[in-house]
Amino acid sequence: MPEILEAEEARALIEARGLGREITTVDAPDAWYLKRGLTPRAARAVLPGRSFVAARRRGKQLFLDTDGVEDSGGPVLGLHLGMSGRVVIDGAAAGDPLRYASNRDMPEWHRFAVRFVDGGRLSLRDPRRLGAVELDPDEDRLGVDAIEITLAQLRSVVARSRAPLKAVLMDQARVAGLGNLLVDEILWRVGLDPARPANTLDAGEQARLARSIRQTLRTLGKRGGSHTGDLMAAREPGGMCPKDGAPLLRRTVGGRTTYSCPRHQH
DNA sequence: ATTGTGGCCTGCCCGC
DNA sequence: TGCGGGCAGGCCACAA
């Protein structure tokens, strides 16, 4: 996906409009889209008759809790949006249209859906099929959620790796939720070079980075998503730094296309 | 063990 | 207008 901000919008949409509605049927036309052993048959066996009772999120991963037949809770449905997925409920989609994902609504792009007794539907629309649906996902695969990362948590993450700072921040097992655009924006704002070995940050840089992560997510969240950063407009070949006008550096860091300012990011 | 690379899959945009 | 190439905000398996 979309990154953590779009995942949070999807979570909020589900919380607002997807809870407490009994599921009648499961549409899983794309078995490939189901991961970690989940099959269309298994999904149809466990979901109908239940309702979602909570929508949680960690990083970019969504967890939909279901009610149990008895007191014990039902299975947890895990949704991941990949690079182009969007949650759609009764025709309303969460999040602004993504730059690299068409916002058209082709029926064949709906890879997974549940229909409710009331006639509505919760669906995952994903043109590129890089998202995923699974049952009872392992929540501990993911590191600390980026939105609420503390200085102590950030310090323990960056201090023990000499990989490029950007690669460490995008490692979902360490910090969950940051993707390519958000990391470029955060590091540009705080003035840190994405290629710096993570363990070379001094205490002051660690503190500013932790604050920048929280502040940037808060600001861009209010604006409407990961693509609303101040670096975004210049994030193209030949782009100039919006802060100081220097030509931006475009390179691959951590395996991803990376834009940074050679003048103020060190 | 950690880090880096390639592949997955499809849509879109650019240049010829 | 049609086509090929390259690009894309994520994740995983694998190699070094």
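A, B, ... follow the sequence lines: proteins, then strands. Residue 1 opens every chain.
Taking only side-chain nitrogens and oxygens, A:Arg36 comes nearer than 4.0 Å to OP1 or OP2 of C:dC12. For A:Ser161 and B:dT3, the shortest distance from a side-chain N or O to OP1 or OP2 is below 4.0 Å. Look at A:Arg128 and you won't find any side-chain N or O under 4.0 angstrom from OP1 or OP2 of B:dC8. Taking 4.0 angstrom as the limit, A:His80 places a side-chain polar atom (N or O) nearer than this to OP1 or OP2 of C:dC11. One finds no side-chain N or O of A:Trp32 lying less than 4.0 angstrom from the OP1 or OP2 phosphate oxygen of B:dC8. Between B:dT10 and A:Arg129, a contact under 4.0 Å exists linking OP1 or OP2 to a side-chain N or O. Taking only side-chain nitrogens and oxygens, A:Lys35 never comes nearer than 4.0 Å to OP1 or OP2 of C:dC11.
For the P atoms, the distance linking C:dC7 with B:dT5 amounts to 16 Å, nearest Å.
If you take CG of A:Leu181 and P of C:dG10, they are 7 Å apart, rounded to a whole angstrom. What separates CZ of A:Arg256 from C1' of C:dA8 is a distance of 8 Å, to the nearest Å.
The closest donor-acceptor contact from the side chain of A:Arg223 to the backbone of A:Thr228 lies under 3.5 Å. A:Arg214 places a side-chain N or O within 3.5 Å of a backbone atom of A:Ile149 that can act as its donor or acceptor partner.
Checking B:dT5 for Watson-Crick or G-U wobble geometry (two distances, each under 3.5 Å) identifies C:dA13 as its partner.
Taking the side chain of A:Arg174 as heavy atoms from C-beta on, and the options B:dT2, B:dC8, B:dG4, the nearest nucleotide is B:dT2.
Within 4.0 Å (heavy atoms only), A:Arg160 reaches no atom of the nucleic acid at all.
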